[in-house]
Amino acid sequence: MKILSIETSCDETSLAVLEVTGTKTAPKFKVLAHQIASQAAMHEQYGGVFPAMAKRAHAKNLIPLFKKTLKEAGFSISKLKNQNEKFESKTAKKIKNILEKHEQELLEQFVKEIPKFKKPDIDAIAVTVGPGLEPALWVGINFARALAAAYDLPIVPVNHMEGHFFSILPQKDKKTFDMKALKYPALSLLVSGGHTEIVLSKSLGK
């Protein structure tokens, strides 16, 4: 299967497409695409991340980054033959309900751009739901919810500190992850932003 991954927990907007093979207990992951839009220069003047500005930057970056990620993954982003084709009214209403209240700028981009392109060959959407800056997190979560509504896909909520736990697994090519490379029980020290954790994992996902 192929998974679109969305990360907006702090000051970087990041999207990736992962291809998963293997078995449920011994999955293998290959990175087909990975795009990042950094906000470091914008926040430098404040000596730290300014949450409201981070939220607005994520809203601005998500759609362009989504298109770049699909292209890098080798998906066709050719436009539909009927350029005026819109989502079904039921789907359009659902998307509007998700984005209208808190993500107006993202909603405007979404309805302008997303209906133009064919549905990509994606099986699920994974999105960071925490920990992180709440305003920044919600932009990514709502974008994932809107895409899931548009493409009728399931959403997988992700704790991004668990992502850090598995970050030791890339192989030499930096594109593949083999879960068999991790032996259990495993003890991990995570030092990331405002989070420091010591994690004991007795088996995959536990």
Side-chain angles (χ1 to χ4, degrees), residues 1-55 57-58 61-62 65 69 122-145 148 153-206:
M1 66 187 300
K2 294 184 178 71
I3 302 172
L4 172 71
S5 304
I6 301 167
E7 150 66 19
T8 62
S9 64
C10 194
D11 63 331
E12 289 183 330
T13 314
S14 183
L15 274 74
V17 174
L18 304 176
E19 183 177 54
V20 190
T21 57
T23 65
K24 190 174 182 179
T25 55
K28 292 184 179 180
F29 296 87
K30 182 178 181 180
V31 180
L32 301 181
H34 183 212
Q35 293 284 332
I36 298 176
S38 177
Q39 303 175 21
M42 180 176 71
H43 297 289
E44 186 177 8
Q45 60 184 308
Y46 303 106
V49 181
F50 196 111
M53 290 181 67
K55 171 184 167 65
H58 286 311
N61 292 333
L62 277 166
L65 218 56
T69 304
I122 292 170
D123 301 291
I125 299 171
V127 61
T128 300
V129 296
L133 297 175
E134 188 172 358
L137 283 165
W138 272 112
V139 183
I141 292 168
N142 286 329
F143 180 58
R145 291 173 65 214
L153 293 171
I155 293 177
V156 180
V158 175
N159 179 313
H160 93 261
M161 295 303 289
E162 190 171 0
H164 287 306
F165 178 89
F166 290 111
S167 66
I168 63 164
L169 293 177
Q171 304 300 298
K172 289 181 180 179
D173 62 2
K174 305 296 183 184
K175 292 282 187 179
T176 55
F177 297 73
D178 187 349
M179 292 300 182
K180 284 186 178 180
L182 190 58
K183 305 301 179 185
Y184 295 96
L187 188 66
S188 180
L189 170 63
L190 308 178
V191 184
S192 171
H195 306 97
T196 301
E197 302 177 11
I198 296 178
V199 180
L200 173 63
S201 180
K202 295 185 179 181
S203 62
L204 181 63
K206 293 184 180 179

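Please read all numbers here as calculations on a predicted model, not as lab measurements. Numbers here are sequence positions counted from 1.
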Taking all non-hydrogen atoms of both residues, which atom of L204 and which atom of K24 are closest, and how far apart? CD2-O, 4.1 Å
Under 4.5 Å between any side-chain heavy atoms of N61 and T8, yes or no? no
So if I apply the side-chain contact (heavy atoms from CB on, under 4.5 Å) rule between M1 and each of L18, V20, T21, which one comes out positive? V20
Sidechain-backbone polar pair: T69 side chain, A16 backbone, donor-acceptor under 3.5 Å: no
L169 side chain reached by M179 side chain, heavy atoms, under 4.5 Å: yes
If you measure from OG on S188 to CD1 on I198, what distance do you get to the nearest 0.5 Å? 9.5 Å
Flag side-chain contact, heavy atom, 4.5 Å: V129 against V127: yes
Heavy-atom pair with the smallest gap, counting every atom of A57 and T13: O-OG1, 4.5 Å
Distance-minimising heavy-atom pair for L137 and P131: CD1-C, 4.1 Å
Is the backbone N or O of G130 less than 3.5 Å from a side-chain atom of T128, with the two atoms forming a donor-acceptor pair by type? no
Which value, rounded to the nearest 0.5 Å, describes the distance between W138 atom CH2 and L133 atom CG? 14.5 Å
In sequence, state the C-alpha distance, the side-chain angles, and the governing distance for T176 and K28, and then conclude on side chain to side chain contact (heavy atoms under 4.5 Å, CB included). CA-CA 7 Å; T176 55; K28 292 184 179 180; over 6 Å; no
Grab the two heavy atoms, one from F165 and one from A186, that are nearest each other, plus how far apart they are. CZ-CB, 4.2 Å
Tell me, please, which residues at least two apart from Q35 pass side chain to side chain donor-acceptor pair (under 3.5 Å). E72
Sorted by chain and number, sequence neighbours left out, side chain to side chain contact (heavy atoms under 4.5 Å, CB included) with A126 holds for I3, S5, V156, V158
Please list all pairs meeting salt bridge (Lys or Arg N to Asp or Glu O under 4.0 Å) that have one or both residues in residues 185-206, counting only residues at least two apart or in different chains. none
If you look at every heavy atom in E162 and G205, which pair is closest and at what distance? OE2-CA, 4.3 Å
Using a 4.5 Å cut-off on heavy atoms from C-beta on, say whether the side chain of L182 contacts that of F166. yes
Beyond-backbone contact of K2 with L4, side-chain heavy atoms, under 4.5 angstrom: no
Ignoring hydrogens and geometry, is there a side-chain-to-backbone donor-acceptor pair from H58 to C10 under 3.5 Å? yes
Taking atom CG of L200 as the centre, report whether more than 12 heavy atoms of other residues, nucleotides or ligands fall under 6.0 Å from it. yes
Give the minimum heavy-atom separation between S192 and H164, together with the two atoms involved. OG-NE2, 3.2 Å
Drop me the distance from L65's CG to L15's CG, to the nearest 0.5 angstrom. 5.0 Å
Could you walk me through whether L62 and I6 pass side chain to side chain contact (heavy atoms under 4.5 Å, CB included), step by step? CA-CA 9 Å; L62 277 166; I6 301 167; 4.2 Å; yes
Distance in Å, L190 CG paired with M161 CE, rounded so as to fall on 0.5 Å steps: 4.5 Å
